[in-house]
Undergrad: 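Shown below is the structure under consideration.
Hydrogens, waters and symmetry mates are skipped; everything else that's a heavy atom, side chains included, is used. Since this is a predicted model, take the numbers as computed values, not measurements. Reminder, nothing fancy here: chain letters follow the sequence lines and each chain counts from 1.
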Amino acid sequence: MRTRLPALLTILLLGTMPAFAADTYEQVYLSEPEAVRTIFGGDLKVDKQTVTPTAAQRTMMERYLGRRLPDKDVTFLVGRRGHAVECYGLILDEIGKHDPITFIVGVQPDLRVKDVAVMVFRERRGDGVKRRRFLAQFPGKRQGDPMMLSQDIMPISGSTMSSVAVSAGVKRALALTAVLMLGRTL
Amino acid sequence: MSRRWRVGHRWLGVLAALVVLVSAVTGWLMQHESWLQGREFKSVALDPHSSRHLLAAGPQGLWRSEDAGVTWKPVTMPVPTEHVSALTAGGAGFAVALRDFGVWTSTDGYIWDRVLDAPENERIKALSFQEGKLVYLTEAALIVAGQRFEQPRSIRRLVHDWHTGWALGRTGTILVEAGAIATMVLTASGLVLAWRTRRRKRPTFTPQIQPVDDATEQFSPVAH
């Protein structure tokens, strides 16, 4: 027991170290160029296009999503092969428990999710949403699907708020693409 | 120990096991009220700006009626609306407390903002608007304008909190749930084991009684 005590104390000390660490905590999993490559692949020409929704469009989307849209303007990444659009992409921030999670959502022109990837995670807990086990639930989801925890999305244990944030973000991406890029109504 | 004591002990054990089993099953189901109830409203709030617009809440979610209660459809929020613990309406609009996702407010009942995280070890029991600001009543305190007034906790409340696990917050409810499931499994397997042991102890040999005539015939000396 006596020989184990210093080891136990060291483990305890190391375990509490993060509590004294700086307040800012940021895990960068993908830079913007890497995220764009993940969603669009290497063979599409990707442009940026910024759109400002009208008051009517904003109200329609906010009512559909049941919450406020955080940004005034929305910047889309548009992936083209020749003149044909093959994929839209949105880099979004969604508040997890307290801090924003940055992720990219790829949306096909038929309003299906192509893929989702977490780029930056800023909280000490809940980073389970970066795993493929969670993110693999989104590809193929369509605009109009509930994308709600315990309905069509299974949360990651210990990352419930982050799971809610990513699900809400994917739903937002589909709504934004439908209304602002394809001129649909919700 | 006499046979009578052994039998009495065994049956008392079975009775106790059944009581524990029922307690475990009902305790476990109590943690999932929403499974047991359909669209049962427990609270209703009228839009202060439109008398035909109502929101109603129950364990299975939050519903909206735009025709003064004739038809209802689910309210869309960015989080699951199960386990609504309080709903209110006032001059500032609507406010709803969700067990796992905190308190949300809305001026029109359609677009919601999260205003408070779910408290760690308490459930919000009631909400009210006071001059546009929210007043919260949790199981432990009344919170007015950010100021917390502790409420006296009755012994009954304490017993209830330990029974349901809420004394330790959400972690406690998960522990109670795990304990309840373990108790159900242990009780059921214990009953099965007791039944099998009892069955094994019973004599399996049953003497075959033959008619006297046959026996006589069988053992009678054969005449050649």
Undergrad: Given that the side chain runs from C-beta out, which part of L149(A) has a heavy atom under 4.5 Å from chain B: side chain, backbone, both or neither?
TA: both
Undergrad: Hey, is CD1 on I155(B) packed in by over 12 heavy atoms from elsewhere, all under 6.0 Å?
TA: no
Undergrad: Going by side chain to side chain donor-acceptor pair (under 3.5 Å), name the residues that satisfy it together with K72(A), two or more places apart in sequence or in a different chain.
TA: none
Undergrad: Table up the donor-acceptor pairs between chain A and chain B that sit under 3.5 Å, atom names plus distance.
TA:
| unit_1 | atom_1 | unit_2 | atom_2 | d |
| --- | --- | --- | --- | --- |
| G66(A) | O | W112(B) | N | 3.0 |
| R68(A) | NE | D113(B) | OD1 | 3.1 |
| R68(A) | NE | D113(B) | OD2 | 3.0 |
| R68(A) | NH2 | D113(B) | OD2 | 3.0 |
| G96(A) | O | R114(B) | NH2 | 3.2 |
| K97(A) | O | R114(B) | NH2 | 3.2 |

Undergrad: Taking CZ in R81(A) as the centre, count heavy atoms belonging to other residues, nucleotides or ligands within less than 6.0 Å. Is the count above 12?
TA: yes
Undergrad: So which heavy atom on P78(B) is nearest to which on G66(A), and how close?
TA: CD-O, 3.5 Å
Undergrad: Counting only heavy atoms closer than 4.5 Å, note whether M161(A) contacts chain B via side chain, backbone, both or neither.
TA: side chain
